[in-house]
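Okay, so here's the structure we're looking at.
We use all heavy atoms of the structure for the numbers below, so side chains are in, but hydrogens, waters and symmetry mates are not. Quick note: residue numbers are just sequence positions, from 1. Source: prediction; values computed, not measured.
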Amino acid sequence: MAVMGARCTEVFIVDDVPSMRERLRELVREVPDVAVVGDAGTPAEAIAGILATRPACVLLDYQLVGGTGVDVLRGVHACSPGTVFVVLTNQPDPQYRRVCMDAGADHFFDKSAEFDRIGEVLRRLQTQ
């Protein structure tokens, strides 16, 4: 149950696989006072949606149709200084991590081994 006057953490989901977007929506639903405000499957849709909704957190797939999560980070990070960016990937190569962090990512998680850490990040946002 939400506490009266409690702040809701808004999340935007970016993944080119519809079933993964749904899985992320389910994960977000499990965290109290967190809500999905939008989703996208391409870098262009993601940039437009993030700029329109100004979410507290973006769950961002690294590999997208027509580009990468780095393209999204470069397109919105400067305009969204308070947004927490969580990059998700099936390719947890240190080189990708470095590029993402340099572009403004706050977290870089391996989908297969660190998926549960997303909930930790969302819960931590609730206490900030």
Side-chain angles (χ1 to χ4, degrees):
M1 173 188 271
V3 176
M4 188 68 137
R7 178 182 64 133
C8 180
T9 300
E10 296 178 331
V11 176
F12 196 94
I13 296 170
V14 182
D15 199 296
D16 57 345
V17 178
S19 61
M20 180 54 75
R21 286 197 305 267
E22 184 54 36
R23 183 173 176 205
L24 289 166
R25 280 183 176 278
E26 290 171 10
L27 185 142
V28 169
R29 279 188 214 116
E30 294 174 6
V31 182
D33 299 320
V34 178
V36 175
V37 294
D39 65 48
T42 68
E45 292 171 349
I47 291 168
I50 293 164
L51 293 176
T53 60
R54 305 286 182 180
C57 181
V58 175
L59 303 179
L60 177 60
D61 187 21
Y62 177 80
Q63 189 62 49
L64 300 167
V65 170
T68 69
V70 174
D71 299 323
V72 175
L73 285 166
R74 290 181 178 147
V76 299
H77 187 261
C79 300
S80 301
T83 300
V84 172
F85 290 90
V86 179
V87 175
L88 307 168
T89 185
N90 287 319
Q91 304 166 5
D93 185 289
Q95 176 184 341
Y96 294 139
R97 174 184 299 273
R98 188 171 37 260
V99 169
C100 289
M101 301 308 267
D102 288 347
D106 297 285
H107 304 278
F108 184 91
F109 297 147
D110 178 348
K111 286 182 183 178
S112 62
E114 299 175 296
F115 199 80
D116 293 341
R117 296 190 63 195
I118 299 166
E120 294 171 20
V121 170
L122 296 176
R123 284 187 286 282
R124 208 169 323 128
L125 283 172
Q126 288 300 102
T127 62
Q128 294 179 353

Please determine if R117 and E114 form a salt bridge, counting it only when a charged side-chain N lies under 4.0 Å from a carboxylate O.
-> yes
Pair R29 + E22: basic N to acidic O under 4.0 Å = yes
Residues two or more places apart in sequence or in another chain: which of them pass side chain to side chain donor-acceptor pair (under 3.5 Å) with R23?
-> none
Going by an N to O cut-off under 4.0 Å, is there a salt bridge joining D15 and R21?
-> no
Main-chain N/O of P92 paired to D110 side chain as donor or acceptor, under 3.5 Å = no
In terms of hydrophobic clusters joined by side-chain contacts under 4.5 Å, are L88 and I13 together?
-> yes
For V11, the option from L24, V34, V58, I118 that meets side-chain contact (heavy atoms from CB on, under 4.5 Å) = V34
Test side-chain contact (heavy atoms from CB on, under 4.5 Å) applied to F108 and T89, L60, V86, the passing residue | T89
Minimal heavy-atom distance between L27 and G119, with the atoms involved, is CD2-N, 4.0 Å
Taking the six-membered ring where the residue is Trp, are the ring centres of Y96 and Y62 under 6.0 Å apart?
-> yes
Between CG of L64 and CG of D71, what distance do you get to the nearest 0.5 Å?
-> 8.0 Å
Is the backbone N or O of T83 less than 3.5 Å from a side-chain atom of S80, with the two atoms forming a donor-acceptor pair by type?
-> no
How far does SG of C100 sit from CG of D106, to the nearest 0.5 angstrom?
-> 11.5 Å
